[in-house]
Amino acid sequence: MNSPYPDEQQASGRVLIDLFTSLDGVAQGPGGTDEDTSGGFRFSGWQAGYPSSGVGPEIEEGMRGLDALLLGRRTYDIFAAYWPHHTSGASGDIGRLFNRVPKYVATRDANLTLDWEGSTRVGADIAVEVAAMRTAHREVHVIGSIDFVHTLLAEGLFDELSLWVYPLLLGPGKKVFDDDALPSVLRLSEPPIVDEAGVTLLRYARTDRVPQVGTFE
């Protein structure tokens, strides 16, 4: 296929998933009241209702190596409406980074118009396209995009999963792991980080191992 990715070739890069989740695994609509209310979800915007001073610095630190974004359609629309207009102030560094790097949008809508500069549609063959991204970039970050994340988890198309776990129970909602997640063993890649609000950052690396079963004697 004709690659939409930069011509520069380098060693295989990584795909990193970044998610905010409740303690019971709900990752739906953390950022705003109108972000994702599908399925009758009542708590869209739950992250803003539980401020955490430790999350911001860790997010910025974790994005130092980011040189591409891979987003689901809903998250792309939210980011495209927000980040081009927020390149100064407290979030200015992230805004300038997001505006600068290539952005890949996973969607089956071939007629989708992508107005955010540097955006490219993907989704025809996500496994092939992710492989091309690994060649073109060092760190491709998937932020939010829970519906698309389910596809990546089902096909094992990621290298690291970062979960910011909030001490909240939200009940029904889109979970980090649905029933199609590929059975696999994850490895904790660094000690957990906990802030004063009880928000815990867990970073897991994907392995090629699968769960083993047995009987305790």
Side-chain angles (χ1 to χ4, degrees), residues 16-64 66 68-101 103 105-107 115-116 119 139-153 158 160-178 190 192-204:
L16 287 69
I17 299 173
D18 303 307
L19 290 176
F20 300 109
T21 175
S22 65
L23 191 60
D24 55 342
V26 176
Q28 182 171 352
T33 55
D34 58 351
E35 180 178 341
D36 186 356
T37 59
S38 61
F41 184 58
R42 296 185 299 142
F43 295 108
S44 189
W46 55 266
Q47 183 189 12
Y50 198 94
S52 165
S53 63
V55 168
E58 287 300 329
I59 291 176
E60 293 186 14
E61 180 65 25
M63 291 185 181
R64 288 187 181 276
L66 182 157
L69 283 170
L70 173 57
L71 304 171
R73 169 67 186 279
R74 186 192 299 271
T75 300
Y76 171 82
D77 287 344
I78 294 170
F79 278 25
Y82 182 85
W83 287 113
H85 313 292
H86 292 79
T87 57
S88 61
S91 60
D93 288 345
I94 293 178
R96 290 189 295 273
L97 174 64
F98 286 178
N99 284 305
R100 182 175 70 249
V101 303
K103 293 159 281 284
V105 189
T107 176
D115 295 326
W116 194 6
S119 300
E139 286 192 6
V140 180
H141 282 244
V142 184
I143 301 174
S145 308
I146 185 60
D147 293 320
F148 176 54
V149 164
H150 288 160
T151 298
L152 299 179
L153 294 176
F158 73 100
E160 183 176 277
L161 174 63
S162 293
L163 300 175
W164 279 266
V165 182
Y166 283 66
L168 305 172
L169 301 178
L170 298 179
K174 297 176 184 177
K175 308 291 186 179
V176 174
F177 303 103
D178 66 4
E190 65 179 46
I193 298 173
V194 185
D195 73 1
E196 81 292 341
V199 178
T200 303
L201 170 58
L202 301 170
R203 283 201 170 99
Y204 292 100

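Just so you know, these numbers come straight off a predicted model, no measurement behind them. Computed from heavy atoms alone, side chains included, the values below leave out hydrogens, waters and symmetry copies.
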Between Ile143 and Thr75, what is the shortest heavy-atom contact and its length?
O-CG2, 3.4 Å

Judged by atom type as modelled, is there a donor-acceptor pair below 3.5 Å linking the side chain of Ser119 to the main-chain atoms of Trp116?
yes

Look up atom CH2 in Trp164 and atom OG1 in Thr21, then write down how far apart they are to the nearest 0.5 Å.
12.0 Å

Can you check side chain to side chain contact (heavy atoms under 4.5 Å, CB included) on Phe148 and Leu70, steps first, answer last?
CA-CA 10 Å; Phe148 176 54; Leu70 173 57; 3.5 Å; yes

Residues, nucleotides or ligands: over 12 heavy atoms within 6.0 Å of Arg42 CZ:
no

For the residue pair Tyr166 and Trp46, categorise the inter-ring angle as parallel (less than 30°), tilted (30 to 60°) or perpendicular (more than 60°).
perpendicular

Donor-acceptor pair, side chain of Arg203 and main chain of Ser162, under 3.5 angstrom:
no

Check the pair Phe20, Ile59 against side chain to side chain contact (heavy atoms under 4.5 Å, CB included), reporting the backbone distance first and the verdict last.
CA-CA 11 Å; Phe20 300 109; Ile59 291 176; 3.4 Å; yes

Steps toward side chain to side chain contact (heavy atoms under 4.5 Å, CB included) verdict (Phe98, Leu71)
CA-CA 12 Å; Phe98 286 178; Leu71 304 171; over 6 Å; no

Yes or no on side chain to side chain contact (heavy atoms under 4.5 Å, CB included) for Phe41 and Asp36, after CA distance, side-chain angles and deciding distance?
CA-CA 7 Å; Phe41 184 58; Asp36 186 356; 5.8 Å; no

Nearest 0.5 Å, please: how far is CG in Asp178 from CG in Leu153?
7.5 Å

In terms of heavy-atom contacts, Thr87 and Arg96 come closest through O-NH1, 2.5 Å

For a 4.5 angstrom cut-off between non-hydrogen side-chain atoms, does Leu23 reach Pro167?
no

Grab the two heavy atoms, one from Thr200 and one from Pro192, that are nearest each other, plus how far apart they are.
CG2-CB, 4.0 Å

Hey, what do you get for CD1 (Ile78) to CG (Asp34), rounding to the nearest 0.5 Å?
7.5 Å

Test your reading of the model: is there a side-chain donor-acceptor pair from Gln28 to the backbone of Ser38, 3.5 Å cut-off?
yes

Atom CD of Gln47 and atom OG of Ser22: how far apart are they, to the nearest 0.5 Å?
11.5 Å

Rounded to the nearest 0.5 Å, how far does CG of Asp93 lie from CZ of Arg64?
9.0 Å

Sort out for me which residue in Ile17, Leu163, Val26 forms a side chain to side chain contact (heavy atoms under 4.5 Å, CB included) with Val176.
Leu163

side-chain contact (heavy atoms from CB on, under 4.5 Å) against Ala197, all qualifying residues, sequence neighbours excluded:
Tyr50, Ser52, Asp195, Val199

Calculate, to the nearest 0.5 Å, the distance between atoms NE2 and CG belonging to His141 and Leu69 respectively.
8.5 Å

Would you check if Lys103 and Phe79 make a side-chain contact, meaning some heavy-atom pair closer than 4.5 Å?
no

Measure up the Trp83 and His86 rings against each other and bin them: parallel (under 30°), tilted (30 to 60°), perpendicular (over 60°).
perpendicular

Do side-chain atoms of Asp24 reach the backbone of Leu170 as a donor and acceptor pair under 3.5 angstrom?
yes

Taking the side chain as everything from C-beta on, heavy atoms only, tell me whether Leu168 gets closer than 4.5 Å to Phe43.
no

Restricting to non-hydrogen atoms, name the atom on Ser145 and the atom on Gly72 that form the minimum distance, rounded to 0.1 Å.
OG-N, 2.9 Å

